[in-house]
Engineer: 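Let me begin by handing over the structure; questions about it come next.
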2 protein chains.
Amino acid sequence: MEATPAPDAKNSLLKLESQLCFPFYAVSRQLTKAYQPYLQALGLTYPQYLVFLLLWEHQELTVKELGEKLLLDSGTLTPLLKRMEQRQWLSRRRDPRDERSVVVGLLPAGRALEAQVGDIPLQMLAKVNMSPAEVGALRVHLTHILAQLA
Amino acid sequence: MEATPAPDAKNSLLKLESQLCFPFYAVSRQLTKAYQPYLQALGLTYPQYLVFLLLWEHQELTVKELGEKLLLDSGTLTPLLKRMEQRQWLSRRRDPRDERSVVVGLLPAGRALEAQVGDIPLQMLAKVNMSPAEVGALRVHLTHILAQLA
DNA sequence: TAATGTTTGATTGTGCGCAATTAAATTTTA
DNA sequence: TAAAATTTAATTGCGCACAATCAAACATTA
């Protein structure tokens with residue numbers, strides 16, 4: 001009996017509310033939008049903020065390393081990094097040891113931005129109205145899904 | 001003791017791995033990428049697929065209604081719908097009752113696409129390797145977060 | 001070493017996504 | 001009804017995302 005789905009079971013999978021991917025798509029965009037007021041005050045976009053999170057931690061990274069960590073390719077990163085370079089936030093130079101690689105490094109203005117971020121992460125946690133434990137559990141769950149996909 | 005966070009507690013919030021939003025951002029893009037082979041076979045992009053999911057269910061919707069359901073504004077929808085109109089998938093016409101509104105309706109070619117979608121939703125479920133129960137629970141969770149944000 | 005293959009970024013072109021502005025139609029209010 | 005406010009799309013401009021292609025640098029191997 002259960003072997004044959006109900007007549008409209010397949011069709012119900014074609015409803016927007018049935019989709020798992022749409023909530024991801026929508027939440028991702030709404031989260032980015034929630035960052036907007038904070039990041040705009042610093043003149044940053046969300047992907048640029050992600051680049052800074054990595055550089056504040058690692059000082060220097062190649063474009064390849066940035067791409068691996070953010071799951072972005074050079075078609076996205078190269079123009080984005082050039083805009084950040086124009087703002088004197090970071091430097092881009094070829095690695096003398098391997099001229100194929102471009103090393104991205106923090107400049108003083110970029111380093112100084114870290115202090116201005118303040119409690120943005122805490123403000124964002126407040127916006128989603130979740131306990132640290134919930135956030136942690138959800139992040140584990142999402143990271144697991146990411147591993148399935150990437 | 002717990003009142004004062006450890007010296008680097010605040011800094012740890014600035015690591016990419018600590019962020020909740022990055023997994024959302026990454027999973028959303030990887031999910032879209034996972035749809036790619038299926039949708040490309042139909043000549044569809046992922047946002048266009050979402051529009052079809054709504055139109056297959058409702059036949060006709062205004063741009064405003066589409067925007068409310070997908071959380072997208074006219075700056076995104078208008079050019080997207082025009083591209084779909086060029087393909088003869090749908091029609092766009094002003095509502096005679098209220099000339100401010102544009103009604104989007106399925107055309108035969110758009111209706112015919114529904115049959116070609118086949119088991120894409122099932123294939124996608126297989127890709128994330130989750131049980132229907134897990135998917136349902138996660139969707140509820142995400143929808144709740146979405147309500148907090150939007 | 002010379003030829004072949006691989007790695008790494010850059011470039012190009014298309015399609016979102018969204019803030020800000022504009023314009024037209026409608027509704028509300030004085 | 002006339003004026004003001006609101007609603008609804010369209011437009012403009014910018015910044016991602018990403019597929020596809022290209023070119024240069026490096027590594028491998030015959």
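Here is how names work: the chains are called A, B, and so on, in the same order as the sequence lines, proteins then strands, and each is numbered from 1.
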Engineer: What integer distance in Å separates A/Arg93:CZ from C/dG9:P?
Structural biologist: 13 Å

Engineer: Find the distance A/Gln30:CD to C/dA19:C1' and express it as a whole number of Å.
Structural biologist: 14 Å

Engineer: Please report, rounded to the nearest Å, how far the C1' atom of D/dC18 is from the OH atom of B/Tyr46.
Structural biologist: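 My rounded result for the distance is 17 Å.
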
Engineer: Can you measure A/Asp95 atom CG to C/dA10 atom P for me and round it to whole angstrom units?
Structural biologist: 13 Å

Engineer: Would you say a side-chain N or O of B/Thr32 is under 4.0 Å from OP1 or OP2 of D/dA17?
Structural biologist: no

Engineer: Begin from the C-alpha positions of B/Lys69 and B/Glu65 and carry the test salt bridge (charged side-chain N to carboxylate O under 4.0 Å, His left out) through to its verdict.
Structural biologist: CA-CA 6 Å; B/Lys69 290 173 188 294; B/Glu65 288 167 331; over 6 Å; no

Engineer: How does protein contact run along nucleotides 4-11 of chain D, one letter per nucleotide 5' to 3', with B for base contact, S for sugar-phosphate only, - for none, heavy atoms under 4.0 Å?
Structural biologist: ---BSSBB

Engineer: For A/Leu80 and B/Gln36, take the nucleotide of DNA chain D holding the closest heavy atom to each; which residue's nucleotide lies nearer the 5' end?
Structural biologist: A/Leu80

Engineer: Evaluate the ring planes of B/Phe52 and B/Trp56, with Trp represented by its six-membered ring, and classify them as parallel (under 30°), tilted (30 to 60°) or perpendicular (over 60°).
Structural biologist: parallel

Engineer: Check the pair A/Arg92, A/Glu85 against salt bridge (charged side-chain N to carboxylate O under 4.0 Å, His left out), reporting the backbone distance first and the verdict last.
Structural biologist: CA-CA 7 Å; A/Arg92 298 183 328 120; A/Glu85 186 184 30; 3.1 Å; yes

Engineer: Calculate the interatomic distance between A/Leu72 atom CG and C/dT8 atom C1'; express it in whole Å.
Structural biologist: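 Roughly 16 Å, once rounded to whole Å.
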
Engineer: When B/Tyr25 is tested against each of A/Leu70, A/Leu50, A/Val27, A/Leu31 for side-chain contact (heavy atoms from CB on, under 4.5 Å), which residue passes?
Structural biologist: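 Single side-chain contact (heavy atoms from CB on, under 4.5 Å) partner of B/Tyr25 among A/Leu70, A/Leu50, A/Val27, A/Leu31: A/Leu50.
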
Engineer: On DNA chain C, nearest-nucleotide positions of B/Arg83 versus A/Gln40: which is more 5'?
Structural biologist: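 First, find each residue's nearest nucleotide; the 5'-ward one identifies B/Arg83.
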
Engineer: Is A/Lys127 reaching over with its side chain to a backbone N or O of A/Ala34, donor-acceptor style, under 3.5 angstrom?
Structural biologist: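 Checked: pair present.
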
Engineer: Just verifying a value: how many Å separate B/Leu54 CG and B/Glu60 CD, rounded to the nearest 0.5 Å?
Structural biologist: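 Interatomic distance, B/Leu54 CG to B/Glu60 CD, rounded to 0.5 Å: 14.0 Å.
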
Engineer: CG of A/Leu50 versus C1' of D/dA17: gap in Å, rounded?
Structural biologist: 13 Å

Engineer: Between C/dA19, C/dG17, C/dA25, spot the one nearest the side chain of B/Glu99, thanks.
Structural biologist: C/dA25

Engineer: Determine the contact category for A/Leu44: base if any of its heavy atoms lies under 4.0 Å from a base atom, sugar-phosphate if only primed atoms, P, OP1 or OP2 are that close, otherwise nothing.
Structural biologist: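 No contact.
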
Engineer: A/Leu66 has an atom CG; how far is it from atom P of C/dA10, in whole Å?
Structural biologist: 11 Å

Engineer: OP1 or OP2 of C/dG17 sitting under 4.0 Å from any side-chain N/O of A/Tyr25?
Structural biologist: yes

Engineer: Does any donor atom in the side chain of B/Gln19 or A/Arg139 lie under 3.5 Å from an acceptor atom in the other side chain?
Structural biologist: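 No, no side-chain donor-acceptor contact under 3.5 Å.
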
Engineer: To the nearest Å, how far apart are A/Met84 CE and D/dG15 C1'?
Structural biologist: 13 Å

